[in-house]
Amino acid sequence: MIDIKEIRENPQRFKQAAKNKNIEVDIDRLTAIDAELLSAKQQLQEIATEKNRIGKSIPKLAGDEKQNALAQLAKFKADESQFEEKVKQLQPEADSLMMLVAQPADDIVPIGKDDTENVELRREGQVRKFDFKPKDHVQLGVDLGIIDIERGVKLAGSRSYFLKGDGARLHWAVLQFAMDVMIARGYTPMSVPLLMRDEAMRGTGYYPGSEEQTYRMEKDEVNLAGTAEVPLTAFRMGEILEEKELPIKFAGMSTCFRREAGAAGKDTYGLYRIHQFDKVEQVVICKNSVEESNKYHEEILSNSEVVMRALELPYRIVAVCTGDLGRGQAKKYDIEAWMPSRNNYCETHSASKFYEFQARRMNLRYKDSATKKNLFCHTLNNTVIASPRVLIPILELYQNADGSITVPKVLQPYMGGLEQIAKS
RNA sequence: GGAGCAGUGGCUGAGCGGCUGAAAGCGACGGUCUUGAAAACCGUUAUACCCUUUGGGUAUCGGGGGUUCGAAUCCCUCCUGCUCCGCCA
């Protein structure tokens with residue numbers, strides 16, 4: 001959420017921000033309602049002042065004087081209800097418009113309409129050239145008996161799968177390895193609840209907007225989180241933190257649920273776009289400072305790069321353009337790993353910087369020692385590893401001519417020393 | 001699922017329908033004292049918004065609604081926590 005004062009001061013900035021992000025929000029309507037609400041509230045405040053003044057004198061009065069005072073109060077009450085009606089009518093609209101105002105992207109973010117206009121910043125690692133005809137991850141997985149999509153679909157519908165035997169082991173190995181990297185880097189490991197109330201969804205910026213992307217338990221009015229970002233970022237929701245607690249750094253491992261509504265027919269092949277996967281996510285909550293936010297944005301990106309390099313996966317870093325940024329994101333880097341079967345670099349990580357957008361929505365603050373003021377925190381997050389999506393490059397890049405898979409060195413200790421996945 | 005109890009400031013904890021934005025204690029901060037620290041003593045110490053020059057005003061005692069001239073205090077409802085019973089793991 002954006003500070004209404006900033007919108008009042010410079011509505012043009014937020015119109016432009018929305019336009020750049022391809023987001024609909026009627027700033028003119030918002031400022032008009034805001035002005036009306038403000039004046040109505042000022043009137044109400046004046047009436048309340050008078051009412052309080054008269055009300056306080058009542059116990060000292062008696063007889064006619066008292067009757068007079070009561071009559072005056074009755075008149076004020078009539079005026080009051082007129083303004084109250086106005087507030088009641090306009091406030092909900094103002095509130096919901098406020099939830100739609102976009103965080104302006106940083107100036108250096110490339111302007112663009114969608115992900116096709118993201119800008120590649122650099123490439124890391126060598127893309128493997130095969131001297132045999134490589135299989136894709138589905139062929140490899142099926143032949144090795146470690147992936148079973150058919151039965152996944154039979155039991156759970158489209159975009160579902162089973163991982164079996166060494167496939168399941170590899171999946172857990174990569175997650176556990178990623179978590180251990182984060183713990184070594186000073187992040188607090190977290191196991192989190194995933195059935196989230198609407199407040200947590202709104203606080204992180206997923207609602208309103210991503211309801212269609214979310215599985216909702218209608219009976220219990222909770223939502224299945226699509227990422228541990230939700231519980232991790234909202235962990236201290238509504239609290240006032242001590243400055244010395246910051247930065248807070250979390251690494252959470254969780255299952256992630258996504259409906260993929262509107263993606264029908266897109267990426268239907270294999271384990272790329274699926275309804276349920278597991279992910280280690282990193283979240284940083286820091287002070288209200290652009291410099292700090294920038295510093296930790298680079299840090300969470302580099303954490304994930306450490307994991308990718310340890311897995312020896314070729315990848316590139318992409319600066320996400322304005323049209324591909326979420327409502328609350330000021331800047332975003334994607335990491336895209338090389339996936340031979342897709343003959344392209346494809347997103348495996350997404351590092352987002354929000355400034356105070358999320359913190360403001362969830363009222364997450366800290367006491368600033370210099371000013372003694374309560375300031376909104378800044379929040380950031382990034383994928384550490386998401387599996388099975390990352391199994392696509394791992395399986396495809398580590399495959400051998402005989403159809404076996406060499407287990408990445410750093411994962412071998414997590415698989416009981418197993419060096420190769422072969423047909424059993 | 002049934003029965004009961006509770007939710008007050010950073011924390012603990014008082015609170016009669018008006019004198020309570022809220023006692024008291026702790027903590028924190030500033031000062032006196034001290035070579036320094038501790039102790040002791042003195043003082044300060046919620047948040048948001050509106051108008052403004054110092055300053056003034058409004059709202060907030062889990063959320064929302066209601067009764068009343070006036071609600072932390074009475075009523076309704078929701079949320080949360082605790083206890084007992086039942087059921088299940």
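Heavy atoms only: backbone and side chains are in, while hydrogens, waters and symmetry mates are out. Chain letters run A, B, ... following the sequence lines, proteins first, then strands; residues in each count from 1. Just so you know, these numbers come straight off a predicted model, no measurement behind them.
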What are the atom names and distances for every N/O pair under 3.5 Å that joins the protein to nucleotides 47-51 of chain B?
residue, atom, partner, partner atom, Å
U47(B), OP1, Lys367(A), NZ, 2.8
C50(B), OP1, Arg8(A), NH1, 3.0
C50(B), O3', Gln42(A), NE2, 3.0
C50(B), O2, Gln45(A), NE2, 3.3
C51(B), OP1, Gln42(A), NE2, 3.3

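- Residues satisfying the side chain to side chain donor-acceptor pair (under 3.5 Å) criterion with Gln139(A), sequence neighbours excluded, are absent altogether.
- When the P atom of G70(B) is taken as reference, atom CD of Gln72(A) falls 14 Å away, rounded to whole Å.
- Pairing for A71(B) is absent, judged as Watson-Crick or G-U wobble with the two contacts each under 3.5 Å.
- In this structure, the side chains of Asp34(A) and Ile4(A) come closer than 4.5 Å at one or more pairs of heavy atoms.
- Using atom C1' as the reference point in both C61(B) and A14(B), the two lie 13 Å apart (nearest Å).
- For G43(B), the paired base is C29(B) (Watson-Crick or G-U wobble, both distances below 3.5 Å).
- For the pair Glu218(A) and Arg216(A), the salt-bridge criterion is met [side-chain N within less than 4.0 Å of a carboxylate O].
- Look at the C1' atom in both C75(B) and U68(B): the space between them is 12 Å, to the nearest Å.
- Atom-to-atom, CD of Glu243(A) to P of G10(B) comes out at 17 Å; the value is rounded to the nearest Å.
- Computed from coordinates, the Gln43(A) CD to G57(B) P distance equals 19 Å when rounded to whole Å.
- Separation of the C1' atoms belonging to G57(B) and G21(B) is 14 Å when rounded to the nearest angstrom.
- Contact annotation: Asn52(A) side-chain N/O to U58(B) OP1/OP2 distance is under 4.0 Å.
- Shown here, A22(B) forms no base pair; nothing in the strands shown gives a Watson-Crick or G-U wobble contact with both key distances under 3.5 Å.
- Using atom P as the reference point in both G9(B) and G64(B), the two lie 15 Å apart (nearest Å).
- Judged as a ring pair (Phe, Tyr, Trp, His ring centres under 6.0 Å), the pairs with a partner in residues 227-272 of chain A (not counting sequence neighbours) are, in order, Phe235(A)-Phe250(A).
- As a whole-Å value, the separation of Glu199(A) CD from G64(B) P is 13 Å.
- U73(B) and G66(B) are spaced 15 Å apart, taking the C1' atom of each and rounding to whole Å.
- Applying the salt bridge (Lys or Arg N to Asp or Glu O under 4.0 Å) rule to Arg197(A) yields no partners; only residues at least two apart in sequence or on another chain are considered.
- The distance between atom CG of Asn68(A) and atom P of C69(B), rounded to the nearest whole Å, is 16 Å.
- With sequence neighbours excluded, the residues that form a salt bridge (Lys or Arg N to Asp or Glu O under 4.0 Å) with Arg342(A) are Asp267(A).
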Under 3.5 Å, N/O pairs linking protein and nucleotides 77-81 of chain B:
residue, atom, partner, partner atom, Å
C79(B), O3', Arg197(A), NH2, 3.0
U80(B), OP1, Arg197(A), NH2, 2.3

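- Comparing A38(B) with C49(B), their P atoms sit 37 Å apart, to the nearest whole Å.
- Residues Arg185(A) and Val306(A) form a side-chain contact, since some pair of their non-hydrogen atoms from C-beta on lies under 4.5 Å apart.
- Spacing between atom CG of Asp79(A) and atom C1' of C69(B) amounts to 15 Å, rounded to whole angstrom units.
- The distance between atom CZ of Phe76(A) and atom C1' of U68(B), rounded to the nearest whole Å, is 18 Å.
- Residue pairs meeting the salt bridge (Lys or Arg N to Asp or Glu O under 4.0 Å) criterion with at least one member in residues 351-365 of chain A, sequence neighbours excluded, are Asp3(A)-Arg360(A), Asp106(A)-Lys353(A), Glu356(A)-Arg360(A).
- In this entry C49(B) has G57(B) as its Watson-Crick or G-U wobble partner, both defining distances falling under 3.5 Å.
- Applying the salt bridge (Lys or Arg N to Asp or Glu O under 4.0 Å) test to Glu6(A) and every residue at least two apart in sequence or in another chain returns Arg13(A).
- For Lys75(A), the salt bridge (Lys or Arg N to Asp or Glu O under 4.0 Å) test picks out no residue, with sequence neighbours left out.
- Taking the C1' atom of each, U8(B) and G2(B) are spaced 30 Å apart, rounded to whole Å.
- The salt bridge (Lys or Arg N to Asp or Glu O under 4.0 Å) analysis of residues 89-105 of chain A, with sequence neighbours excluded, yields the pairs Arg29(A)-Glu93(A).
- At a cut-off of 3.5 Å, with distance as the only test, a side-chain donor of Ser350(A) or Asp334(A) sits close to an acceptor on the other residue.
- Look at CD on Glu239(A): it is 14 Å from C1' on G62(B), rounded to the nearest Å.
- A 3.5 Å limit on both hydrogen-bonding distances identifies no Watson-Crick or G-U partner for U34(B).
- Nucleotides A59(B) and G4(B), compared at atom C1', are 35 Å apart to the nearest Å.
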Anything under 3.5 Å between a protein N or O and an N or O of nucleotides 16-19 of chain B, put it in a table, one pair a line.
residue, atom, partner, partner atom, Å
G18(B), N2, Gly55(A), O, 3.0

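- Pairing for A6(B) goes to U80(B), judged as Watson-Crick or G-U wobble with the two contacts each under 3.5 Å.
- Pairs passing the salt bridge (Lys or Arg N to Asp or Glu O under 4.0 Å) check and including a residue from residues 406-424 of chain A, sequence neighbours excluded, do not occur.
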